[in-house]
Amino acid sequence: MINALRGMKDLTFEESERFVHIVTTAIGISKKYGYSYIETPILEETKLFKRSVGESSDIVGKEMYQFMDKGDNDVCMRPEGTAGVVRSFIQAKLDRRQNEKFKFYYYGPMFRYERPQKGRLREFHQFGCESFGEASVYEDFTIIQMIGDIFKALGIGYTLQINSLGCPTCMPPYRQKLIGFLTECKEELCEDCNRRIDTNPIRVLDCKNEKCQSLLIDSPKLLQNLCNECDSDFKKLKTLLDKSNIAYEVDSNLVRGLDYYSKTAFEFVSNEIGSQSAIAGGGRYDKLVEFLDGKATPAVGFALGIERIMELVKMPKTEREGYYLGVMEEENIDALFPLASKKRVAQKVTVEYEPKKLKAHLKGADKVNARYCAVIGEDEMKNGTIWIKDLVEKEESIINQSDF
RNA sequence: GUAGGCGUAGUUCAGUUGGUAGAGCACCUGUUUGUGGCACAGGUUGUCGCGGGUUCGAGCCCCGUCGCCUACCCCA
């Protein structure tokens with residue numbers, strides 16, 4: 001027997017229905033916010049992710065499905081969605097159309113070569129949005145509001161955490177300050193953090209080691225070192241969230257795993273799904289378009305993890321629907337097909353090809369969750385009629401086949 | 001990559017100091033020759049993950065291996 005690869009899952013029955021429900025709900029709401037669909041390839045040049053996500057990140061460092069194709073190109077299965085969308089945005093020269101705004105939504109599979117666990121797969125699915133050309137913090141707010149709308153429509157509870165990561169004006173000086181602080185208490189920090197001081201010092205902030213966290217209490221805080229613009233944008237964001245009654249927590253240690261974020265960073269978290277608790281994450285990435293050789297274009301975006309959300313979504317239980325058609329004598333089967341196609345114009349129809357006793361047909365109708373069981377037996381065939389039973393109301397009738 | 005837990009019927013699981021494997025659910029048949037869900041009666045279902053070792057004898061003990069799950073790391 002051949003099984004699916006490690007960390008890759010098949011979805012069927014009510015699971016696949018929940019999956020589709022989440023996607024269609026998210027699509028419906030993002031369309032109301034002015035987003036249109038973008039489809040980009042799953043396979044991209046490896047360079048794209050190295051430059052956008054960042055070589056220091058674990059995603060690029062050790063989690064990529066990377067290989068050489070038959071034409072000797074260094075390619076990679078996308079580990080996240082933003083890089084491809086930005087690449088496409090630049091390739092279509094939309095970056096030259098300054099003053100225009102572009103809003104795209106996407107969904108599809110992402111791949112990371114990690115050890116699977118609860119809420120973490122090697123192939124997983126994200127729904128995401130990217131908004132280009134809007135530098136205003138109002139857009140950051142609007143995107144957060146939109147995610148709130150999506151979760152509300154899905155009936156999901158969450159905690160919203162926000163932070164500001166600063167910009168090229170205020171981040172580098174802060175980074176130096178932090179490195180200085182960390183170097184002083186280097187001896188007491190954990191092994192990982194010592195490595196991080198060189199590779200990605202900001203990541204030390206969200207180290208889970210308790211000793212590191214206790215040392216960090218006295219560390220310089222980015223929120224106290226923001227430049228005027230970043231500081232006023234962050235204050236504005238908080239005011240906007242307050243005014244629209246969106247609850248949030250400021251988490252000064254919230255660091256996004258991808259290098260391209262600046263200013264607003266946010267994460268939606270659930271405490272009901274195990275240790276991988278982020279159900280959506282995003283933020284502003286004003287420098288990424290430029291960094292991938294486009295004309296400077298401000299942008300904000302987010303992605304939500306569909307599999308993680310699936311555990312939180314409850315579907316209404318499916319009601320009986322449509323018709324089940326069967327015959328009791330072998331020679332009458334052909335009579336069912338014209339009736340079936342007529343009904344299928346508006347209804348779900350299941351046709352049983354084996355002749356069966358009435359009892360077996362009723363059971364069959366139960367099994368496919370049909371509302372009506374319609375059977376042609378000896379008498380019905382003779383009279384040109386069909387026997388129908390409403391399985392919910394338990395009422396039965398015999399009508400002419402021409403009236404079916 | 002590291003650590004822990006688990007692999008027995010389609011499924012969920014039980015299996016005593018080592019003595020040739022069991023239950024619920026599901027499925028099929030019947031009670032009812034044209035009336036479903038409910039009830040009752042009967043029935044089908046196994047490479048005990050795989051390979052080796054110990055033993056008269058292994059689902060059980062030992063070694064190896066593969067797979068799944070959870071956690072670390074990291075992230076959606």
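So that the names make sense, note that chain A is the first sequence line, chain B the second, and so on, each numbered from 1.
- Judged by distance alone, with hydrogens and angles left aside, the side-chain atoms of A:Arg308 form a donor-acceptor pair with the main-chain N or O of A:Ala278 at under 3.5 Å.
- Between B:rG36, B:rU70, B:rG34, one nucleotide has an atom nearer to the side chain of A:Lys394 than all others, and that is B:rG36.
- Distance A:Glu123 CD to B:rC75 C1': 17 Å, rounded to the nearest Å.
- Closest to the side chain of A:Arg112, from the set B:rU2, B:rA76, B:rG30, is B:rA76.
- Taking the side chain of A:Glu396 as heavy atoms from C-beta on, and the options B:rC72, B:rU35, B:rG34, the nearest nucleotide is B:rU35.
- Nucleic acid contact class of A:Arg6 (heavy atoms, under 4.0 Å, all strands): sugar-phosphate only.
- Residue A:Arg120 places a side-chain atom within donor-acceptor reach of the base of B:rC73, judged by atom type and a 3.5 Å distance cut-off alone.
- Separation of the A:Phe404 and A:Tyr323 ring centroids falls under the 6.0 Å cut-off.
- No N or O donor and acceptor, one from the side chain of A:Lys357 and one from the base of B:rG36, sit under 3.5 Å apart.
- Computed from coordinates, the A:Asn383 CG to B:rG34 P distance equals 16 Å when rounded to whole Å.
- Candidate nucleotides B:rU2, B:rA76, B:rC68 were compared by shortest atom distance to the side chain of A:Lys9, and B:rC68 ranks first.
- In the set B:rG36, B:rG34, B:rG67, the nucleotide with an atom closest to the side chain of A:Leu358 is B:rG34.
- The heavy-atom pair separating A:Val255 from A:Leu165 by the smallest distance is CA-CD2, 4.5 Å.
- Across all strands shown, A:Leu121 has heavy atoms under 4.0 Å from base atoms, whether or not it also approaches the sugar-phosphate.
- Nearest nucleotide to the A:Phe124 side chain, out of B:rC75, B:rA76, B:rG34: B:rA76.
- Side chains of A:Tyr113 and A:Gln66: a donor-acceptor N/O pair is absent below 3.5 angstrom, by distance only.
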Under a cut-off of 3.5 Å for both distances of each Watson-Crick or G-U pair, what dot-bracket string does RNA chain B give, using [ ] for crossing pairs and | for inter-strand pairs? (((((((..((((.....[..)))).(((((.......))))).....(((((..]....))))))))))))....
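- The base of B:rG34 lies close enough to the side chain of A:Glu380 for a donor and an acceptor atom to sit less than 3.5 Å apart.
- Residue-to-nucleotide contacts include a donor-acceptor pair under 3.5 Å from the side chain of A:Gln117 to the base of B:rC73.
- The aromatic ring of A:Trp387 is not stacked on the base of B:rG34, since the criterion of ring centres less than 5.5 Å apart with planes inclined by under 30° is not met.
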Along nucleotides 38-43 of chain B, 5' to 3', which nucleotides get a B, which get an S, and which get a -, given that the test is a protein heavy-atom distance under 4.0 Å? ------
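- Of the candidates B:rU35, B:rC75, B:rU70, B:rU70 carries the atom nearest the A:Lys118 side chain, counting heavy atoms from C-beta on.
- Listed nucleotides B:rC73, B:rG37, B:rU35 differ in distance to A:Lys363; the shortest reach to its side chain belongs to B:rG37.
- Geometric assessment of A:Lys31 against the ring of A:Tyr105 yields a negative cation-pi assignment under the 6.0 Å and 45° thresholds.
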